[in-house]
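Beneath this line is the structure, given in structure tokens, with notes to follow.
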Number of protein chains: 2
Amino acid sequence: MKLKDLSELLHLSQTTVSRALNGYPEVAEATRRRVLAAAEAHGYRPNMRARSLATGRAMAIGHVIPVTARHEMVNPIFADFLAGAGEVYSRRGYDMLISIVPDEDQEQAYRELRTKGSVDGLIVHAPKLGDPRVHLLTEIGMPFVVHGRASDAVEPYSWVDMNNTHAFRRATDLLLDLGHRRIALVNGLENMDFAIRRRAGFEEAFAARGLTPDPALMTSEEMTEVYGHDTARTLLATAAPPTAFLVSSILPAIGVRRAIEEVGLRMGRDVSVITHDDDLSYLKNRGDVPVFTATRSSVRAAGQRAAEMLLDLVESPGSGPREQLLEADLILGQSTGPLLQSVSR
Amino acid sequence: MKLKDLSELLHLSQTTVSRALNGYPEVAEATRRRVLAAAEAHGYRPNMRARSLATGRAMAIGHVIPVTARHEMVNPIFADFLAGAGEVYSRRGYDMLISIVPDEDQEQAYRELRTKGSVDGLIVHAPKLGDPRVHLLTEIGMPFVVHGRASDAVEPYSWVDMNNTHAFRRATDLLLDLGHRRIALVNGLENMDFAIRRRAGFEEAFAARGLTPDPALMTSEEMTEVYGHDTARTLLATAAPPTAFLVSSILPAIGVRRAIEEVGLRMGRDVSVITHDDDLSYLKNRGDVPVFTATRSSVRAAGQRAAEMLLDLVESPGSGPREQLLEADLILGQSTGPLLQSVSR
DNA sequence: TCGATCATCCAAAGCGCTTTGGGGTGAGTC
DNA sequence: GACTCACCCCAAAGCGCTTTGGATGATCGA
């Protein structure tokens, strides 16, 4: 069933049917109702490709996922972000287009999305320090929202981010308050903007007390469970092991816990752990008293906010860059406790 | 830069330029080279919407993600599957379209994808018992591949699945060989096809030895970490606790481990655990001796295979349904050991 | 009563591409 | 020298929709 069929069936022109369907005022109410009823009855759906071609709007938002040897965006955190964004898209009638692209082809991929006309806007994931994408996308005039921030961008741009610095400052303060001084920072890849900010918050808390963190206790890697485990295992075996860990995600935090237990210590008593908790659907850190003390900020909510912002931008172009900073809660769980004198040296 | 511009620039007709670009034979080699060079130089990319409209092919594959109150497909396993499929799509020039749809609107959503013409084919996720989608999609004539199987479908259909029954049969056999009899099955939702098969394998192994598993030890839920933990915690507190757990995914397995350790037991000595391991990028169960003894089958590989199969189907229609059954490896890790007489009763 | 205004509707021109159905041109054939 | 026959190339007709620029009456004010 196409527009032509429907219009012939109704003895109306395609113009009128189209207008009736799309809510234009130039059509009598009675006619509109007739058209709507007929469309419903015959299950008419406009062909999106044709409509897109005519309107110039794709009704789709793109997410391009860079894949490098070291870093793979397709992680559980990303999945939850997508879930949040996807809800918003479908509610507002947009599709979600995902392209998985090798890192080196990225600029190419973005340009193609523009000229191929398959999307109306983009979400930029995992911004790095010196990320060229902000410049690239403003240059080619593609609406976009960054999940996170590209600190050193010169152009203004829209973003949704969590207050990483503040969250990690608070978490570090808590550990320091509990008496810990040898605190390990198990961070994400430090070419990522969020990791840099988290480290900044960490160092800020130390500096505010006239202390400096031990660089040997700061690590930076892709945030897998194995990374958390191996790092903790290594650090705990040193002559001067940390008495607390501040971990960048719940996945490595699980690894850290595993390592702690392997060496016969108890998390929350012998070793304290605070993690950032993205509130992932499948890895909830909840309960009366959550397992982990954590800075919590739902990445799913961030996905929703970013999607809404982007659609607003797409639908009212030139409405200037927007920004949204989400604060994280600091949730007390079972994984933190005061420094044990017997364990400290 | 559009086709018209390019053709005027080259003093050729749009026809010839289009043919040269798309590798049709009716154009002289020299001309083709000229066209290709000019296209490259001016960064010409055909507008996909226009091309789609003309060819009737969307060059996109859809994944519709049902969202219910209980079950959310956007889980880490799904993310890895997407990663695998996405690689294949981009290699073969397809886009990946994701729609997140409330369960009750699903039929609607599938029909729309067809008439809106936004995709050339679909991957069907999480098939349930009595899943109506196989019928629906064959009826509306949309190519599709099921990830898993819809056991009770009447029409033939294409699928990629892991041999769930066999894998769980083998895992159960191992536990039985080690002397365990009180084995808990921490399964996924049992309206899902895969969960039914896994349970079948589990029961089969018991039956082959003239035994029957204790129904009280079989649970079925969405496969989260919390589910694994709570289930294990509950079961371990009963008068006749299990001495081994067979778990359907690494996420609940992590929860089971947490519960075991909370009650002061040691996994692999006091309580054995085997999990199914989808070989998730961010939750690797690797190492010289992996933490978990596991049935391992990469869901990412499954995503690749499903995508390849679907594209083949799309590109050569009527080439009949295809099937692929992937076998899982049984990997020995640290989480299994012989039944301790002191623990058994 | 007559032009002006409004409310409805329509024909046709795109949107940017592919593809059908020829149409020249020069080499090869008898 | 006339006739095929490849070989290249082109004009134009779609693909299914939106949108421009009227056309047609009906209504209205003076």
Side-chain angles (χ1 to χ4, degrees), chain A residues 1-36 38-39 42-60 93 95 111-120 315, chain B residues 1-36 38-39 42-60 93 95 111-120 315:
Chain A
M1 171 67 58
K2 41 193 210 180
L3 189 60
K4 197 177 167 199
D5 303 336
L6 193 62
S7 66
E8 282 170 2
L9 201 128
L10 286 162
H11 300 291
L12 284 171
S13 75
Q14 296 192 37
T15 311
T16 306
V17 176
S18 170
R19 295 202 140 137
L21 256 23
N22 294 315
Y24 282 73
E26 304 91 329
V27 46
E29 245 340 286
T31 316
R32 184 191 309 282
R33 273 198 298 275
R34 256 182 71 216
V35 171
L36 251 25
H42 296 80
Y44 169 75
R45 301 281 154 190
N47 179 308
M48 286 310 285
R49 296 185 301 239
R51 171 186 286 209
S52 283
L53 184 57
T55 58
R57 305 210 15 216
M59 294 308 283
D95 286 326
R111 287 192 187 280
E112 278 197 15
L113 281 178
R114 164 110 238 120
T115 49
K116 293 200 316 184
S118 5
V119 302
D120 298 320
E315 287 171 3
Chain B
M1 170 69 54
K2 42 194 209 178
L3 188 61
K4 196 176 167 200
D5 303 337
L6 193 62
S7 67
E8 282 170 1
L9 201 127
L10 286 162
H11 300 291
L12 285 171
S13 75
Q14 296 191 39
T15 311
T16 306
V17 176
S18 170
R19 294 201 140 138
L21 255 25
N22 293 315
Y24 281 75
E26 304 92 329
V27 45
E29 247 338 288
T31 316
R32 185 191 308 284
R33 273 197 299 276
R34 255 182 71 215
V35 172
L36 251 26
H42 296 79
Y44 169 75
R45 301 281 154 192
N47 179 309
M48 285 310 286
R49 297 185 301 238
R51 171 186 286 208
S52 283
L53 185 56
T55 58
R57 305 206 19 214
M59 295 307 283
D95 285 327
R111 288 192 186 279
E112 279 198 14
L113 281 177
R114 161 109 243 126
T115 49
K116 293 200 315 184
S118 6
V119 301
D120 298 319
E315 288 171 4

May I have the step-by-step check of side chain to side chain contact (heavy atoms under 4.5 Å, CB included) for Tyr44(B) and Thr115(A), ending in yes or no? CA-CA 8 Å; Tyr44(B) 169 75; Thr115(A) 49; over 6 Å; no

Heavy-atom nearest nucleotide on DNA chain D for Ser18(A) versus Ala54(B): which residue maps closer to 5'?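 So the residue in question is Ala54(B).
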
Whole angstrom value for the distance that separates [atom2] of [N] from [atom1] of [X]:
X: Leu53(B); N: dT19(C); atom1: CG; atom2: P; answer: 12 Å
X: Glu26(A); N: dT24(D); atom1: CD; atom2: P; answer: 19 Å
X: Leu3(B); N: dC15(C); atom1: CG; atom2: C1'; answer: 13 Å
X: Asn47(B); N: dG16(C); atom1: CG; atom2: C1'; answer: 6 Å
X: Arg51(A); N: dG14(C); atom1: CZ; atom2: P; answer: 22 Å
X: Lys4(A); N: dC10(C); atom1: NZ; atom2: P; answer: 15 Å
X: Arg19(A); N: dG22(D); atom1: CZ; atom2: P; answer: 14 Å
X: Asn22(B); N: dG16(C); atom1: CG; atom2: C1'; answer: 13 Å

Nucleotide nearest Leu12(A) (side chain, heavy atoms from C-beta), chosen from dG16(C), dC9(D), dC9(C): dC9(C)

Which heavy atom of [X] sits nearest a heavy atom of [Y], and at what distance?
X: Arg32(B); Y: Gly23(B); answer: NH1-CA, 3.3 Å
X: Gly117(B); Y: Ala58(B); answer: O-CB, 3.6 Å
X: Glu315(B); Y: Arg57(B); answer: CG-NH2, 4.2 Å

When we call it a touch if two heavy atoms are under 4.0 Å apart, what does Arg49(A) touch: a base, just sugar-phosphate, or nothing? nothing

For Thr55(A), report the nucleic acid contact type (base, sugar-phosphate, nothing); a contact means any heavy atom under 4.0 Å. sugar-phosphate

Is [X] near enough to [N] that one of its side-chain N or O atoms lies under 4.0 angstrom from OP1 or OP2?
X: Tyr24(A); N: dT20(D); value: no
X: Thr16(A); N: dC9(C); value: no
X: Ser52(B); N: dC15(D); value: no
X: Tyr44(A); N: dG16(D); value: no

Starting from the C-alpha separation in whole Å, work towards a yes-or-no answer on side chain to side chain contact (heavy atoms under 4.5 Å, CB included) for Thr16(A) and Val35(A). CA-CA 9 Å; Thr16(A) 306; Val35(A) 171; 5.6 Å; no

Polar pair under 3.5 Å, donor/acceptor by atom type, side chain Thr15(B), base dT18(C): no

